[in-house]
Amino acid sequence: MPAPEPPLPRPPALPLSYARALLPRPHRASSVPDRVLGLRAARADPARLARYRRLCAFPDPAALPPCYPHLLAFPLTMALLTARDFPYPPLGLVHTENVVEQLRPLAADEPLAPRVWATAARPHPRGTAFEVRAEARDARGAVVWRASSGYLHRRGGGAREPRQPTVDTAAVNSPASGERWELPAALGRRYAAVSGDRNPIHLHPLTARPFGFRRPIAHGMWSKARALSALWPTLPDAFAVHVRFLAPVLLPARPTFAATAEGRDRTFTLTAEDGRVQLTGTVSPPPAPCLR
């Protein structure tokens, strides 16, 4: 991790970051900047946290949901991605995967200090890939939460719907193997209002269409948070959960969530009605001492 800059007293303004995201970049930087952005420790806003819990069906009022620190770090991420020296425009990036590590139980009212930074870019068969890393420290300065989000800058730009292999729809839709989720058309707008992630692909058919989607798509981090809420009674105090986003969840939708236990790990999938696997995930013990 690069040397961190002094922590900011308040989160960067998201409207300003989105305004910068719309501006053209006539002189594109050649490499990802070596920069760490951070915030002073603060507690989650109770009203916002309550709305997040309801939207993600999180059952434990005393615990901080495992993906909630991602929201605390999101303004920093947007400031990082929309800086003039960041080489890839944030609108159109494809969120390909995400790893979250909860290193101990997190209380709903404890202060956390988030940090974010980006890794060096690397070639990808469809363009260029990089990661945004994040961590959250408690009041004593110990890292208690870590995350890594993989992004793809497509060659030629834009985020199109990928083709994915089908699976046995009858098997994943059977009551014994999964549960059906009813996702309304407004889910993207509702999650955007809570998270601050107002990427146009999530909001409305008209704003999603220029990016190659005929309807708005659910946020990947909502899908992951909803999956962890379903698994919450079975999760240990410390764990790592790795999710791959394979196909968009076009809203409204009725996907099927299914989970199985494999030794110390739990695996889960989200599958569309037409049989496309949209998300796969694995819950396992967290690695130490650093995210790999």
Are R115 and E135 close enough, and set up right, to give a salt bridge (charged side-chain N to carboxylate O under 4.0 Å, His left out), and what steps lead you there?
CA-CA 5 Å; R115 290 179 180 175; E135 67 179 24; 3.6 Å; yes

Would the number of heavy atoms belonging to other residues, nucleotides or ligands and lying under 6.0 Å from CZ of R244 be above 12?
no

Aromatic ring pairing F130/Y88, orientation class (parallel under 30°, perpendicular over 60°, tilted between):
parallel

In Å, rounded to the nearest 0.5 Å, how long is the span from NZ of K224 to NE2 of H95?
8.0 Å

Considering non-hydrogen atoms only, spot the tightest contact between D138 and E110 and give its length.
CB-OE1, 4.0 Å

Closest approach of E101 to A240 (non-hydrogen atoms, all atoms of both residues):
CG-CB, 3.9 Å

Heavy-atom closest contact (A259 atom, R266 atom, distance)
CB-NH2, 3.9 Å

According to a hydrophobic-cluster definition based on side-chain heavy atoms being under 4.5 Å apart (Ile, Leu, Val, Met, Phe, Trp, Tyr only), do L71 and L55 belong together?
yes

Answer whether the closest heavy-atom distance between the side chains of P11 and L76 falls below 4.5 Å.
no

Is the backbone N or O of G150 less than 3.5 Å from a side-chain atom of E131, with the two atoms forming a donor-acceptor pair by type?
no

Can any side-chain N or O of T269 pair as donor or acceptor with the backbone N or O of T271 at less than 3.5 Å?
no

Side chain to side chain, F58 and P66, heavy atoms closer than 4.5 Å
yes

Apply the side chain to side chain donor-acceptor pair (under 3.5 Å) test between S149 and each candidate in N98, T77, T96; give the one that qualifies.
N98

Under the 3.5 angstrom rule, does the side chain of H124 hit a backbone N or O of L152 as a donor-acceptor pair?
no

Yes or no on side-chain contact (heavy atoms from CB on, under 4.5 Å) for V144 and R137, after CA distance, side-chain angles and deciding distance?
CA-CA 6 Å; V144 295; R137 296 174 181 260; over 6 Å; no

From L246 CG over to E97 CD, what is the distance, rounded to the nearest 0.5 angstrom?
10.0 Å

Closest heavy-atom pair and its distance - Q102, L64
OE1-O, 4.3 Å

Where is the tightest heavy-atom contact between C56 and A225, given as atom of each residue plus distance?
SG-CB, 3.9 Å

So does G188 get a backbone contact from the side chain of W222, meaning a donor-acceptor N/O pair under 3.5 Å?
no

Under 4.5 Å between side-chain heavy atoms, counting indirect links through other Ile/Leu/Val/Met/Phe/Trp/Tyr residues: same cluster for F245 and L231 or not?
yes

Test item: R126 and H153 side chains (from C-beta on) under 4.5 Å apart, heavy atoms
no

If I take atom CG from residue L93 and atom CZ from residue R154, how far apart are they, to the nearest 0.5 angstrom?
12.0 Å

Roughly how far, to the nearest 0.5 Å, is the CD1 atom of I201 from the CG atom of N199?
4.0 Å

Min side-chain heavy-atom separation P111-R40 under 4.5 Å:
no

Between T260 and T267, does any side-chain donor sit less than 3.5 Å from a side-chain acceptor?
yes

In terms of ring plane angle, is the pair Y52 and Y68 parallel, tilted or perpendicular, where the classes change at 30° and 60°?
perpendicular

If we only count heavy atoms from C-beta on, is the L183 to P252 side-chain gap below 4.5 Å?
no

Regarding R254 and the six-membered ring of W181, is the cationic atom NZ or CZ under 6.0 Å from the ring centre and inside 45° of its axis?
no

Nearest heavy-atom neighbours spanning R264 and P285
NH2-CG, 3.2 Å

If two hydrophobic side chains count as joined below 4.5 Å and joins carry through other members, does V241 share a cluster with V143?
no

Would I217 and L251 satisfy side-chain contact (heavy atoms from CB on, under 4.5 Å), going step by step from the backbone distance to the final call?
CA-CA 6 Å; I217 67 174; L251 298 171; 5.8 Å; no

Measuring only between side-chain heavy atoms, which start at C-beta, is P75 closer than 4.5 Å to P12?
yes

Go through the steps for D60 and R53 under the test salt bridge (charged side-chain N to carboxylate O under 4.0 Å, His left out), then give the verdict.
CA-CA 9 Å; D60 188 346; R53 281 201 190 100; over 6 Å; no

Verify side-chain contact (heavy atoms from CB on, under 4.5 Å) between R133 and V116, making sure each step is shown before the conclusion.
CA-CA 6 Å; R133 300 281 180 90; V116 304; over 6 Å; no

Would the distance check show the side chain of R48 and the main-chain N or O of V194 forming a donor-acceptor pair, the cut-off being under 3.5 Å?
yes

Do F74 and L81 land in one hydrophobic cluster if side-chain heavy atoms of ILVMFWY residues count as linked below 4.5 Å?
no

Check for me, please, whether L16 and M78 land in the same ILVMFWY cluster - side-chain distances under 4.5 Å, paths through other members count.
no

Please examine the side chains of P216 and H202, heavy atoms only from C-beta on, and report whether any two atoms are closer than 4.5 Å.
no

Steps toward side-chain contact (heavy atoms from CB on, under 4.5 Å) verdict (L279, V243)
CA-CA 7 Å; L279 175 153; V243 161; 3.6 Å; yes

Within-4.5 Å side-chain heavy-atom neighbours: R43 and L112:
no

Rounded at 0.5 Å granularity, tell me how far CZ in R198 sits from OG1 in T207.
12.0 Å

Distance col, row D237:CG vs R104:CZ, nearest 0.5 angstrom, shows 10.5 Å

